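Everything below concerns the one structure shown next.
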Number of protein chains: 2
Amino acid sequence: METVLPKFDSVFSIDCVIFGFEAGELKILLIERNEEPFKDWYALPGNFVGQNESIDDGAKRILYELTGLRNMPIKQLHTFGEVNRHPQGRVITVAYFALIRISGQKDLTPITQYARKAFWIPVNEMPKLAFDHTEIFRSAFSKIRKRLNYQPIAFDLLPEKFTLTQLQSLYEIILNKKLDKRNFRKKMLSYGFLKELSEKQKGVSYRAAKLYKFDRRKYNKIFQNDLNMDALPAAAASEEK
Amino acid sequence: METVLPKFDSVFSIDCVIFGFEAGELKILLIERNEEPFKDWYALPGNFVGQNESIDDGAKRILYELTGLRNMPIKQLHTFGEVNRHPQGRVITVAYFALIRISGQKDLTPITQYARKAFWIPVNEMPKLAFDHTEIFRSAFSKIRKRLNYQPIAFDLLPEKFTLTQLQSLYEIILNKKLDKRNFRKKMLSYGFLKELSEKQKGVSYRAAKLYKFDRRKYNKIFQNDLNMDALPAAAASEEK
DNA sequence: ACAAAAGTGTTGCACGTACACCCATGT
DNA sequence: ACATGGGTGTACGTGCAACACTTTTGT
């Protein structure tokens with residue numbers, strides 16, 4: 001005596017907050033919308049998820065279609081579900097975020113008609129955004145700031161080869177504070193996951209700095225058994241927004 | 001020339017992972033389902049969210065209706081959106097979690113017919129759960145374990161007045177490791193947010209221990225300006241599962 | 001008196017912080 | 001030669017980790 005249950009279809013969206021670093025500035029990726037609602041507005045890359053794809057897969061597909069960026073290592077951030085966040089009815093959105101290397105990704109070409117264009121904009125020059133995207137952006141920014149302190153996310157933003165000064169100034173920008181040069185270098189190098197290259201910086205009108213590379217393999221080796229459930233409570237610091 | 005846009009209705013659910021501490025064991029709150037699908041199965045308290053309530057409000061309502069617990073301080077955990085996670089079609093679920101005080105909350109009485117009963121079960125004796133709830137539970141457990149190291153969540157689980165030994169054994173259970181008594185007490189007391197009461201433990205057949213209280217006001221005062229964006233990178237420890 | 005848990009200090013080590021000068025290179 | 005950032009070491013303080021015995025209370 002099996003009962004026949006009704007079938008459900010969901011309507012929900014994802015939105016992506018993609019951070020990049022270019023010309024000494026932290027930037028995020030926006031699109032200009034080409035469809036109602038909020039036609040012509042700036043917005044985070046986002047759209048509806050299909051019925052036959054997981055939300056993670058959907059997020060990747062949507063990001064690709066709107067910006068031309070493929071296979072970005074995006075992660076879930078938070079789900080936004082206020083009743084009136086979408087003018088067309090009840091649509092919750094799952095926000096994703098990633099930090100990526102801008103250099104070499106010049107061609108931001110939307111594949112679909114939903115976006116007129118995709119572009120990087122400095123986080124300090126954010127325009128008004130469609131829907132509740134400003135709130136989503138702020139939430140993501142706050143999250144990466146906290147995460148910077150215990151995850152190697154900065155390397156995702158830098159070019160493959162970078163100088164220690166570049167790395168430090170990225171930290172300073174995200175954390176919004178000055179760091180001590182000697183201490184920064186000492187600490188970074190002490191981890192042992194930075195590989196010193198024989199190459200040097202080029203095209204600068206002063207002493208060229210050594211280039212380094214982030215060695216993810218070494219990083220994983222160093223921290224693999226490190227669930228870091230050591231340490232006592234450490235009641236400090238609130239984690240969430 | 002306004003276009004008329006279609007209206008959307010979403011179907012999606014929330015599920016709650018509620019932790020408690022009782023008789024020296026960490027427990028979570030389950031229901032026995034009284035409706036298809038998964039009728040008669042054990043499951044996390046969860047149901048569909050209404051069209052006119054935010055997901056946060058919906059989570060609170062559903063938890064109340066299924067377990068009789070009101071106004072729990074639940075927080076969003078993660079959204080689960082695999083394509084086939086729900087037998088009736090595409091239903092994503094937003095998972096919430098909370099840590100609460102069991103004592104005094106004896107009456108777990110479901111208000112609706114969806115649940116036959118609600119009950120606490122030790123995390124070590126988890127039965128097979130409906131849907132993908134086992135995965136959701138694991139994800140939540142992993143999260144609180146990590147959070148214990150930098151948030152005062154343990155106090156939510158303990159009775160209002162507790163001994164330092166009780167506090168320590170709770171930490172040991174969640175972190176699944178032994179801690180040093182002297183160091184633990186020293187560190188906990190050094191924070192300054194534990195209020196020593198004049199009362200002592202009663203009804204034990206050995207030297208009675210002093211009772212303490214968590215002073216949330218002091219805690220907030222101590223850590224309010226502490227966005228803890230100090231500290232250098234500290235590349236250690238992976239945060240997510 | 002005994003059983004059971006409460007309560008208590010010191011030392012070494014690792015790590016974070018503060019701080020200032022010489023070096024190499026391109027123009 | 002000079003301007004510009006590159007590169008380097010030490011001393012101090014804090015906080016964590018390791019470690020064992022005496023005290024109190026109820027039975």
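As the structure is a prediction and not an experimental result, all values here were calculated from the model. Just so we're on the same page: letters track the sequence lines, and every chain starts at 1.
Under the rule for a side-chain hydrogen bond (donor to acceptor under 3.5 Å, both in side chains), the partners of A:Ser54 that lie at least two apart in sequence or sit in another chain are A:Asp57.
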Report, one line per pair, each donor and acceptor closer than 3.5 Å where one atom sits in a side chain of residues 204-211 of chain A; sequence neighbours left out.
| from | atom 1 | to | atom 2 | distance (Å) |
| --- | --- | --- | --- | --- |
| A:Lys210 | NZ | A:Glu196 | OE2 | 3.4 |

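In this structure, CG of B:Leu189 is placed 16 Å from C1' of D:dG15, rounded to the nearest angstrom. B:Arg185 places its CZ atom 17 Å from the P atom of D:dC16, with the value rounded to the nearest Å. If you measure from atom CZ of A:Arg207 to atom P of C:dT25, you get 7 Å, rounded to the nearest angstrom. Rounding to whole angstrom units, CG of residue B:Asn183 and P of D:dT14 are separated by 18 Å. Rounded to whole Å, atom P of C:dC23 lies 21 Å from atom CD of A:Gln201. Look at NZ on A:Lys181: it is 14 Å from P on C:dC23, rounded to the nearest Å. Atom C1' of nucleotide D:dA18 and atom CG of B:Leu179 are separated by 14 Å, given to the nearest angstrom. Whole-Å rounding puts the A:Glu196 CD to D:dG6 P distance at 14 Å.
When each of B:Lys186 and A:Tyr212 is assigned the nucleotide of DNA chain D with its nearest heavy atom, A:Tyr212 is the one assigned upstream, toward the 5' end.
At least one side-chain nitrogen or oxygen of A:Lys187 sits closer than 4.0 Å to the OP1 or OP2 atom of C:dG16. Under 4.0 angstrom from either OP1 or OP2 of C:dA18 there lies no side-chain N or O belonging to A:Arg182.
The aromatic rings of B:Phe214 and B:Phe155 lie parallel to each other, with less than 30° between the two planes, well short of the 60° mark. A tilted orientation is assigned to the rings of A:Phe131 and A:His133, their planes being inclined by 30° to 60°.
For A:Tyr206, taking side-chain heavy atoms from C-beta onward, the closest of the listed nucleotides D:dG6, D:dC19, D:dG7 is D:dG6.
Taking the six-membered ring for Trp and the full ring otherwise, the centers of B:Phe119 and B:Tyr42 sit less than 6.0 Å from each other.
For the atom pair CG of B:Leu44 and CD1 of B:Ile18, the computed distance is 9.0 Å after rounding to the nearest 0.5 Å.
Near DNA chain D, meaning a heavy atom under 4.0 Å away, there are no residues from residues 157-165 of chain B.
The two residues B:Ile121 and B:Leu30 have their closest heavy-atom pair at CG2-CD1, 3.6 Å.
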